[in-house]
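Note that the numbering runs from 1 along the sequence shown for the chain. If you're wondering where the values come from, they're calculated on a predicted model, not measured in any experiment.
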Amino acid sequence: MSSLLAQLDELSDAGSEASEAEAPPEGFSYVTGLRATAADVLGPLLSREELRSRLEERSAARQRRDFRAADAARDALAQRGYTL
């Protein structure tokens with residue numbers, strides 16, 4: 001988990017902008033006629049603190065060997081566009 005948190009810190013320190021993540025794929029509106037952003041599809045991005053908290057919760061569940069809770073935490077993050 002520490003490597004995930006380190007990557008999270010690197011991304012935020014590098015100045016990753018939410019607007020970059022929200023931009024639709026090139027040609028998306030041309031093909032579909034829709035103008036959707038990632039936030040429209042996945043919901044608003046999690047704050048750095050919220051993401052860190054959810055990653056820590058998942059890690060704690062894995063350490064307890066509560067794989068049902070760990071899988072649920074992973075799936076909840078995946079629904080928001082975060083893959084582990």
Side-chain angles (χ1 to χ4, degrees):
M1 183 180 100
S2 61
S3 65
L4 287 173
L5 295 175
Q7 289 175 354
L8 177 62
D9 288 337
E10 286 176 22
L11 287 173
S12 63
D13 291 343
S16 296
E17 297 289 328
S19 60
E20 291 176 12
E22 295 178 76
E26 186 174 325
F28 179 79
S29 61
Y30 174 76
V31 173
T32 63
L34 301 173
R35 296 196 59 119
T37 64
D40 293 333
V41 177
L42 302 172
L45 297 175
L46 297 174
S47 70
R48 180 178 176 185
E49 294 78 21
E50 181 69 20
L51 182 57
R52 180 182 297 269
S53 173
R54 291 186 186 200
L55 289 171
E56 289 172 350
E57 288 172 14
R58 179 175 182 264
S59 179
R62 292 181 72 202
Q63 288 177 346
R64 292 190 313 270
R65 301 186 61 79
D66 183 354
F67 298 114
R68 182 172 292 171
D71 289 348
R74 181 200 59 219
D75 294 345
L77 287 168
Q79 288 178 343
R80 301 291 295 270
Y82 299 95
T83 56
L84 305 177

Nearest 0.5 Å, please: how far is CZ in R80 from CG in D75?
14.0 Å
For residues Y82 and L46, report the shortest heavy-atom separation together with the two atoms involved.
OH-N, 3.1 Å
Result block: side-chain N/O donor-acceptor pairs under 3.5 angstrom for residues 62-69, not counting sequence neighbours:
unit_1: D66; atom_1: OD1; unit_2: A69; atom_2: N; d: 3.2

Counterpart residues, side-chain contact (heavy atoms from CB on, under 4.5 Å), relative to R74 (two or more places apart):
R58, D71, L84
